[in-house]
Engineer: 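Following this message is one structure expressed as structure tokens.
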Protein chains: 2
Amino acid sequence: MDDDDSGSLDRLAARLLVQGSRFSRSMSRHTGEQRSLVAMRVLSNLLQDGPLRIGELAARELIAQPAMTTTVNRLEAEGLVFRGSDAEDARASVVTLTEAGSAVLMSFRARAAAIARPGLVQLADSDIAVLERAADLLEQLVRSISSR
Amino acid sequence: MDDDDSGSLDRLAARLLVQGSRFSRSMSRHTGEQRSLVAMRVLSNLLQDGPLRIGELAARELIAQPAMTTTVNRLEAEGLVFRGSDAEDARASVVTLTEAGSAVLMSFRARAAAIARPGLVQLADSDIAVLERAADLLEQLVRSISSR
DNA sequence: GTTGATATATACTCACGCTATGGATGATGA
DNA sequence: TCATCATCCATAGCGTGAGTATATATCAAC
């Protein structure tokens, strides 16, 4: 049983990785969004949690700090975020979402939703519940992975 | 009710996209795998379905054909796949998994599993079942999205 | 057998990740 | 106080991987 269990858990992990990445690729591709998924997740972070430092954003999105600097540069050039200085630490620069940035994020979400909706509405309520719970669990798994 | 439902479906779609992409990013990052997730998915496709054409692989992974040519070039240079000619169509080139490619894929899956396992073993059986079902549903959603 | 469609490869550009490193600021302790 | 070390971010340089446009070979249809 133990062997069986760990075997099936391993297969589950591999499947989640493959299907999760394919799903995000598919969705972002079909939205026609030019910006990267990391850029969208940055906007999402800022909307949810307010202004954040470059380093904090990099840590959350699991990319190196210079890559986040580049991403923020691009977002700033487009007027979707702006940099401010941190009152508590002059080294840090704090990234804040603009109205335009919020609008871009909302538009992206709406397009993603429009693409997924036809597939989602065909699902039974129980399957919708499964996906809701799965989103929670994935978030939890990411935290559990990062904290080691 | 209708408004509520479509609103919550839309939020679900956005969350699945964000969490799904973050999860795959996290996993692939922590495996230390140098190759791209697309490369891994190509190997996975070949293992599951046998030899496939370049164009078919590109379509499945939602990347343009030249990008898939490049990916296959790299995999071939590493000896993980080889190109053959299609008996039925001399224009096509058929990509086949090698033993080495299969081994690389298995190793990747094992590493991914090792990373996810500590998080997974803490979950209740019902949550494991949720994730299993969610992987199915995501696969189904991708197909439903692509077919339009 | 000529024409048009299709499968792949090549050329070129850009986005985006990484490491290494530098400059500015914060924190620590003699 | 000031010297030292750590930390935060930016810059530089590099490689991968995605895109479009286009060339080449082959198939299909008339």
Side-chain angles (χ1 to χ4, degrees), chain A residues 21-22 24-43 46 51-78 80-96 104 108, chain B residues 21-22 24-43 46 51-78 80-96 104 108:
Chain A
S21 61
R22 212 180 329 238
S24 5
R25 165 76 188 171
S26 169
M27 291 283 282
S28 91
R29 170 100 168 149
H30 284 279
T31 57
E33 177 58 56
Q34 299 290 314
R35 303 169 189 89
S36 69
L37 275 176
V38 168
M40 292 300 110
R41 292 200 302 264
V42 166
L43 298 182
L46 295 176
L52 293 170
R53 292 183 178 189
I54 297 275
E56 172 65 20
L57 286 169
R60 287 187 184 209
E61 296 310 328
L62 291 165
I63 64 180
Q65 168 264 312
M68 185 53 75
T69 291
T70 305
T71 295
V72 170
N73 282 346
R74 223 183 323 267
L75 291 173
E76 190 176 27
E78 291 185 272
L80 308 188
V81 304
F82 66 89
R83 278 181 169 82
S85 43
D86 188 331
E88 299 175 356
D89 190 339
R91 293 169 303 180
S93 91
V94 176
V95 183
T96 305
V104 162
F108 174 69
Chain B
S21 61
R22 208 173 342 230
S24 358
R25 167 76 189 170
S26 170
M27 291 281 284
S28 91
R29 170 101 169 149
H30 284 279
T31 58
E33 177 59 55
Q34 300 290 314
R35 303 171 189 88
S36 70
L37 275 176
V38 167
M40 291 300 110
R41 292 200 302 264
V42 165
L43 297 182
L46 296 176
L52 293 170
R53 292 182 177 190
I54 296 275
E56 172 65 21
L57 287 169
R60 288 186 183 208
E61 295 311 325
L62 290 164
I63 65 180
Q65 168 265 313
M68 185 53 73
T69 291
T70 305
T71 295
V72 170
N73 282 345
R74 222 181 325 266
L75 290 174
E76 189 175 28
E78 290 186 272
L80 308 189
V81 304
F82 66 88
R83 279 182 168 83
S85 43
D86 188 332
E88 297 177 356
D89 189 339
R91 293 169 302 177
S93 89
V94 177
V95 182
T96 304
V104 163
F108 174 70

Engineer: Please name the pair of heavy atoms, one in Thr69(B) and one in Arg83(B), separated by the smallest distance, quoted to 0.1 Å.
Structural biologist: O-NH2, 3.6 Å
Engineer: Which atoms form the tightest heavy-atom contact between Ser85(B) and Val94(B), and what is the distance?
Structural biologist: C-CG2, 4.4 Å
Engineer: Take atom CD of Glu56(A) and atom P of dT7(D), then tell me their distance rounded to the nearest Å.
Structural biologist: 16 Å
Engineer: In whole angstrom, what separates Glu61(A)'s CD from dC16(C)'s P?
Structural biologist: 14 Å
Engineer: Below the 4.0 Å mark, does dA10(D) have OP1 or OP2 next to a side-chain nitrogen or oxygen of Thr69(A)?
Structural biologist: yes
Engineer: Between C1' on dC9(D) and CD on Glu76(A), what's the gap in Å once rounded to a whole number?
Structural biologist: 13 Å
Engineer: Measure across Gln65(B) and Ala58(B) and return the closest heavy-atom pair with its distance rounded to 0.1 Å.
Structural biologist: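 Looks like CA-CB, 3.9 Å.
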Engineer: For the pair Ser26(A) (side chain) and Arg22(A) (backbone), establish whether a donor and an acceptor sit closer than 3.5 Å, ignoring hydrogens and angles.
Structural biologist: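 Not a single qualifying donor-acceptor pair exists.
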Engineer: Phosphate oxygens OP1/OP2 of dA10(D): is one of them under 4.0 Å from a side-chain N or O of Arg83(A)?
Structural biologist: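 Arg83(A) to dA10(D) OP1/OP2: side-chain N or O found under 4.0 Å.
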Engineer: Looking at every heavy atom in both Arg29(A) and Leu62(B), which two are closest together, and how far apart are they?
Structural biologist: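 Closest approach of Arg29(A) to Leu62(B): NE-O, 3.5 Å.
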Engineer: In whole Å, what is the span from the CG atom of Asn73(B) to the C1' atom of dG15(D)?
Structural biologist: 16 Å
Engineer: Compare every heavy atom of Arg53(B) with every heavy atom of Asp86(B), then report the nearest pair and how far apart it is.
Structural biologist: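 That closest heavy-atom pairing would be OD2-NH2, 3.0 Å.
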Engineer: Take the protein atom CG of Asp86(A) and the nucleotide atom P of dA24(C), then report the distance between them rounded to whole Å.
Structural biologist: 19 Å
Engineer: So if I apply the side-chain contact (heavy atoms from CB on, under 4.5 Å) rule between Leu43(A) and each of Val38(A), Val95(A), Leu75(A), which one comes out positive?
Structural biologist: Leu75(A)
Engineer: Taking only nitrogen or oxygen atoms into account, show me every contact under 3.5 Å that the protein makes with nucleotides 17-21 of chain D, one pair per line with its distance.
Structural biologist:
unit_1, atom_1, unit_2, atom_2, d
dG17(D), OP1, Ser36(B), N, 3.4
dG17(D), OP2, Arg74(B), NE, 2.4
dG17(D), OP2, Arg74(B), NH1, 3.1
dG17(D), OP2, Arg74(B), NH2, 2.4
dG19(D), OP1, Arg25(A), NH2, 3.1
dG19(D), OP1, Arg29(A), NH1, 2.5
dG19(D), OP2, Ala64(B), N, 2.7

Engineer: For Asp89(B) and dA5(C), what is the distance between atoms CG and P respectively, to the nearest whole Å?
Structural biologist: 17 Å
Engineer: Just to verify, what does Ser21(A) make a side chain to side chain donor-acceptor pair (under 3.5 Å) with, not counting sequence neighbours?
Structural biologist: Arg41(B)
Engineer: Collect all protein-nucleotide pairs involving nucleotides 28-30 of chain D in which both atoms are nitrogen or oxygen and the distance is under 3.5 Å.
Structural biologist:
none

Engineer: Indicate yes or no: at least one non-hydrogen side-chain atom of Arg60(B) is less than 4.5 angstrom from one of Leu52(B).
Structural biologist: yes
Engineer: Between Met40(A) (CE) and dA15(C) (P), how many Å, whole number?
Structural biologist: 14 Å
